[in-house]
Number of protein chains: 2
Amino acid sequence: MATTTIKDIAKALGLSPATVSRALQDSHEIGEATKKKVKELATQLNYQPNPYASSLRKRKSNTIAVVLPEVADSFFSLAINGIEAVAKDKGYHVLIYLTHESLLREEAILSEFKSGRVDGLLISVSEETTSGTHIKKVIDEGMPVVFFDRECDDVPTTKIVTNDLESSYLATTHLIKQGCKKIVYLCISPSLSISKNRVNGFNKAIEENKLTHSGVVACDKHFDNNIELVKKILSGKNRPDGIIASVEKLTPVVYLACRDLRLSIPTDIKLVSFTNLQTSLILNPPLTTITQPAFKMGEKAATILFKHLDKKKAALQNETIVIASELFIRQSSAKK
Amino acid sequence: MATTTIKDIAKALGLSPATVSRALQDSHEIGEATKKKVKELATQLNYQPNPYASSLRKRKSNTIAVVLPEVADSFFSLAINGIEAVAKDKGYHVLIYLTHESLLREEAILSEFKSGRVDGLLISVSEETTSGTHIKKVIDEGMPVVFFDRECDDVPTTKIVTNDLESSYLATTHLIKQGCKKIVYLCISPSLSISKNRVNGFNKAIEENKLTHSGVVACDKHFDNNIELVKKILSGKNRPDGIIASVEKLTPVVYLACRDLRLSIPTDIKLVSFTNLQTSLILNPPLTTITQPAFKMGEKAATILFKHLDKKKAALQNETIVIASELFIRQSSAKK
DNA sequence: GGTAATTACGTAAACGGTTACGTAAATAAA
DNA sequence: TTTATTTACGTAACCGTTTACGTAATTACC
């Protein structure tokens, strides 16, 4: 409770608080002997500087905010690991905020940041976020913002993304090469930049290969609804022979729908899914996946933000950095 | 950049900063008319109080720390969701720190908290943490600490745990009922309280049923090592007919080892795993699991911490709150 | 040997809110 | 009508650290 302050140390050594402060910062204005005395007493008394006093005076919090839709998804879990690794290394603290895919919450969270609580912001927007007005506002007020994964087209800042269009195209052509003629792309949160890119990659491949009876189907957030939807699709005539699940949580939906309908993956239907789950390879059958470099993306986003914070350059570049996803081909898309 | 402060509002309205501060806090000392004027101007100027100035003066940060081994595991992901939900509700901010299972890092993180950066602490200790000395130290300095899941026996404070011993016992007897005679319990981080409880539950069931050729096997953190280990166990004579995987990440190990050895789950070997993965039911075969109430545990831990912080009671009760895990029986432990 | 520069500190004012204390005016109690 | 109380605000100190500015003492320079 009775924490020791700079004043305590100053009094004990017959110095002024200013001298102690400078000694602790290794200022060249302080003599070596004094520095040593101060530092020794500080460690002896287990002195911990009050971060809020420091932040108040220096107008710097050494804290960043990470704003995410949720941490249920394995992508964001891994991204947090990447972010935290860099933050600890750089001596920054990480505040975490979840929007639960709600634009309102996202706005409420961001509006607080004018207070100076954080020096910078890493964000992956909610699925309801179609415009980046609220994000531009905090940027205009001087807050550096780096997007990772889910970005906003209309906000000019640095963005760390993966090659969604290309990998979706790759996944689709992979299915086509494996013999699929009628591919359904299961989509969620269609307004997101990454969703659009993935859909575009899919459509590009479909058009190039002139496939008919292929297309995009919108799912919602309710597991049961999606099961019903997929079952309906799979039991109609013109049953698809290939499915692309555009997000992790749609994977179980497809597996269960197929099981219920006694359809075989990959014999009846081949499947590729966007997911970071480590269990992909022990699914029945092992799942062909597009795996995003989640850890690296978080790491990169944090690195860029901290570099900017240290250098105090002008604004962050309006730059999009792409870290490639990987296609892991497994049995769920096997030829026969 | 030029953020508006209380002084700006005071000057604009011909009031003193003190009056503005009180008006914004709805103090009864301020007249209604003045309050209204102040609040209107505040929202108009988009005033956001500087949290660090406030924290410095009030000696309260409205921030808690969550210290975790990692967020790779789905348990901790869900727990964070629970914690964040309560924190947002109560107006608290959440700092996240990862120990990466290292006691050294855990100590380093905790030692910083003497500074007053956070008002309280939720922690799930690293696997290297055999003694809670460093945790007792921060408690002694007045920091309220609540454990969740991985606790320390020697630290008297509130702990939110699940019924590890009982559910491990339940899992083991389940396997025995299903016909298993030789059960291997795959263990990791044996020094953790939860590991001990789980092992004890296992041993209790084994002893009660007088099973021989059953026992605990220690795994390490390296996937490949574990695969080799499990394969060796499964290819020796006296091959076990049941396996309990005590943590999530051992699940793929068992599945892959069985696949490599062409052993069938559940015909040759029955499996139960401690895990929160939603993909359990689409594994091959669907996995029988002990599922921890991760979200609820996070929620409960946060709720108790905030209740304490609001009431400023003495110390947190040395109380252990148990939220039961659930056994979901699926095909991986089926009789035939 | 006189001036300039450097070294090693102290003084005091910030940073932006909060709050103990004081006070004038308005109201209530006597 | 006088005193006591309440209402509604202002003054100024304070939280702990940082830093612009000042200064005495030492060293360097010509």
Side-chain angles (χ1 to χ4, degrees), chain A residues 1-39 41-42 45-63 91 112-119 142, chain B residues 1-39 41-42 45-63 91 112-119 142:
Chain A
M1 257 343 198
T3 59
T4 77
T5 73
I6 259 186
K7 290 179 187 172
D8 299 330
I9 298 179
K11 202 168 290 176
L13 294 178
L15 293 168
S16 77
T19 302
V20 174
S21 173
R22 281 187 279 240
L24 291 171
Q25 300 175 72
D26 248 335
S27 163
H28 63 276
E29 293 189 70
I30 304 299
E32 288 306 324
T34 307
K35 276 188 196 174
K36 201 181 161 198
K37 274 198 302 183
V38 169
K39 286 178 185 172
L41 187 58
L45 294 178
N46 205 352
Y47 167 72
Q48 289 290 338
N50 183 313
Y52 298 136
S54 175
S55 294
L56 177 58
R57 176 65 227 243
K58 295 205 290 187
R59 298 162 165 282
K60 180 139 187 356
S61 64
N62 277 289
T63 304
E112 256 217 20
F113 292 156
K114 293 155 201 160
S115 65
R117 188 182 292 276
V118 296
D119 298 336
Chain B
M1 261 337 198
T3 58
T4 75
T5 74
I6 259 187
K7 290 177 188 172
D8 299 330
I9 298 178
K11 202 169 290 177
L13 294 177
L15 294 168
S16 78
T19 303
V20 175
S21 173
R22 282 187 278 241
L24 291 171
Q25 298 174 72
D26 249 335
S27 163
H28 63 276
E29 292 189 68
I30 303 300
E32 287 306 324
T34 307
K35 276 187 195 174
K36 200 181 162 198
K37 274 197 303 181
V38 169
K39 287 179 185 171
L41 187 58
L45 294 179
N46 204 353
Y47 167 72
Q48 291 289 339
N50 183 314
Y52 298 136
S54 173
S55 294
L56 178 58
R57 176 65 227 244
K58 295 204 291 188
R59 298 161 166 284
K60 179 139 187 357
S61 63
N62 277 289
T63 303
E112 257 218 20
F113 292 156
K114 294 155 198 160
S115 66
R117 187 184 293 275
V118 296
D119 297 336

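In what follows, every chain begins at residue 1, and chains take the letters A, B, ... in the order their sequences are listed.
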Could you tell me whether Ser16(B) contacts a base, only the sugar-phosphate backbone, or nothing, with contacts defined as non-hydrogen atoms closer than 4.0 Å? base
Has the side chain of Lys35(A) got a donor or acceptor atom that lies under 3.5 Å from a matching backbone atom of Ser27(A)? yes
Comparing nearest nucleotides in DNA chain D, the 5'-proximal residue of the pair Leu56(B), Gly31(B) is Gly31(B)
Residue Ile6(A), side-chain heavy atoms: nucleotide from dC9(D), dG16(D), dT18(D) that is nearest: dT18(D)
Between Asn50(B) (CG) and dA14(C) (P), how many Å, whole number? 17 Å
Any donor-acceptor pair, under 3.5 Å, between the side chain of Arg22(B) and the base of dG17(C), if you only look at N and O atoms? no
If you look at every strand shown and take non-hydrogen atoms under 4.0 Å, does Ser54(B) touch a base, only sugar-phosphate, or nothing? sugar-phosphate
Look at all strands and tell whether Thr34(A) reaches a base, only sugar-phosphate, or nothing, counting heavy atoms closer than 4.0 Å. sugar-phosphate
What integer distance in Å separates Ile30(A):CD1 from dT6(C):P? 18 Å
Can you check whether any acceptor in the base of dC15(D) is under 3.5 Å from a donor in the side chain of Arg59(B), or vice versa? no
Distance in angstrom units between Lys60(B) NZ and dG16(D) C1', rounded: 19 Å
Rounded distance in Å - CG (Leu24(B)) to C1' (dG16(C)): 13 Å
If you look at every strand shown and take non-hydrogen atoms under 4.0 Å, does Gly14(B) touch a base, only sugar-phosphate, or nothing? sugar-phosphate
Go nucleotide by nucleotide along DNA chain C from the 5' end; which of Ala53(A) and Glu29(B) gets its closest nucleotide reached first? Ala53(A)
Looking at Ser61(A), is its backbone amide N or carbonyl O close enough to the side chain of Asp119(A) to form a donor-acceptor pair, meaning the two atoms are under 3.5 Å apart? yes
Side-chain atoms of Lys7(B) come closest, of dA13(C), dG16(C), dC15(D), to dG16(C)
Check the distance between dC15(C)'s P and Lys58(B)'s NZ and give it to me in whole angstrom. 21 Å
Between Tyr52(A) and dT18(D), does any side-chain N or O lie under 4.0 Å from OP1 or OP2? no
Value in whole Å for how far the P atom of dT7(C) lies from NZ of Lys35(A): 12 Å
Between the side-chain atoms of Arg57(A) and the base atoms of dT18(D), is any donor-acceptor pair under 3.5 Å? yes
When you compare the side chain of Asn50(B) with that of Thr5(B), does any pair of heavy atoms fall below 4.5 Å? no
Specify the closest pair of heavy atoms between Ala10(B) and Pro17(B), including all atoms of both residues, with the distance to one decimal. CB-N, 3.6 Å
Value in whole Å for how far the C1' atom of dC9(C) lies from CG of Leu13(A): 14 Å
Only one of Val20(B), Thr3(B), Leu24(B) passes side chain to side chain contact (heavy atoms under 4.5 Å, CB included) with Tyr47(B), and that residue is Leu24(B)
In whole angstrom, give the distance that lies between atom CG of Asp26(B) and atom C1' of dT18(C). 16 Å
Name the closest nucleotide to the Gln25(B) side chain, picking from dG16(C), dT18(C), dT17(D). dT18(C)
Of the listed nucleotides dT18(C), dC9(C), dG16(D), the one nearest the side chain of Thr19(A): dC9(C)
Heavy-atom side-chain contact between Ile30(B) and Thr19(B) under 4.5 Å: yes
